[in-house]
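Some notes on the structure that comes next.
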Amino acid sequence: DAGVTQSPTHLIKTRGQQVTLRCSPKSGHDTVSWYQQALGQGPQFIFQYYEEEERQRGNFPDRFSGHQFPNYSSELNVNALLLGDSALYLCASSAKGRQSYEQYFGPGTRLTVT
Amino acid sequence: KQEVTQIPAALSVPEGENLVLNCSFTDSAIYNLQWFRQDPGKGLTSLLLIQSSQREQTSGRLNASLDKSSGRSTLYIAASQPGDSATYLCAAPGGSYIPTFGRGTSLIVHP
């Protein structure tokens, strides 16, 4: 049983560019959440997708957008990259859209903006 | 808005010690609390999930307790080993259901 997978592993972009990160949830899970983790900090919640809809959103600007596909996989898009967007981006999945279910995390995508 | 604090921020202990890591949260209307382990530059590994109706959970040498009324959770690690060296994070969703993480406790267990 594959766990949560993310791609790519590492990414280097230039300020002002756009980036797309991808996540496949654990088998049997239908809810995907995205987090940004800066160095030395805890993960910050970006948004959560369930039934292809954005369900909850944290305190992130509209430059951060997402999508969930019918197979439950998800993408995170970031436009007009800033140096401060450099971070580890984590995807987490959970089952059946229920808030009480355990979250499982992927290995993350390390984004560096130069 | 939920705020989560973890104490201590860092801990260095000799192998074999029993450890207590603390997590406090401001909004007690949580539906669960989850403890994670994170190795440097890696994703998070779930250690224990405590539902709001539970007081504790155990897995091997790990035991986590939850006291909603006081807004506290503790993670107890028995007989620590060098392989336990990592950052330990707790996450407590508040009334808005948005998961809020602490900054973590960085643990080093030396032989």
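This is a predicted model, so every value here is computed, not measured. What you see below is based on every heavy atom in this structure, not just the backbone, and it leaves out hydrogens, waters and symmetry mates.
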Using 0.5 Å steps for rounding, measure from the [atom1] atom of [X] to the [atom2] atom of [Y].
X	Y	atom1	atom2	result
A:F45	B:F101	CZ	CZ	10.5 Å
B:Q34	A:E102	CD	CD	4.5 Å
A:F105	B:S46	CZ	OG	9.0 Å
B:K42	A:R110	NZ	CZ	10.5 Å
A:Q37	B:L44	CD	CG	6.5 Å

Look at the side-chain heavy atoms of Ile, Leu, Val, Met, Phe, Trp and Tyr, link any pair under 4.5 Å apart, and say whether [X] and [Y] land in one connected group.
X	Y	answer
B:L62	B:V109	yes
A:Y72	A:Y50	no
A:F60	A:V113	yes
A:L81	A:L21	yes

Is A:L83 atom CG crowded by more than 12 heavy atoms from other residues, nucleotides or ligands, each under 6.0 Å away?
->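 Yes, because the 6.0 Å sphere around CG of A:L83 holds more than 12 heavy atoms from other groups.
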Exceeds 12 heavy-atom contacts within 6.0 angstrom, atom CZ of A:R57 |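 Buried by this count: over 12 neighbours within 6.0 Å.
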Where on B:Q38 is there a heavy atom nearer than 4.5 Å to chain A: the side chain, the backbone, both, or neither?
->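 It is the side chain, since no backbone atom gets that close.
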Considering only heavy atoms, which portion of B:L89 lies under 4.5 Å from any heavy atom of chain A: side chain, backbone, both, or neither?
->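 Answer is side chain: those atoms of B:L89 sit under 4.5 Å from chain A.
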Under 4.5 Å from a heavy atom of chain B, the part of A:Y35 involved |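 Only the side chain of A:Y35 comes within 4.5 Å of chain B.
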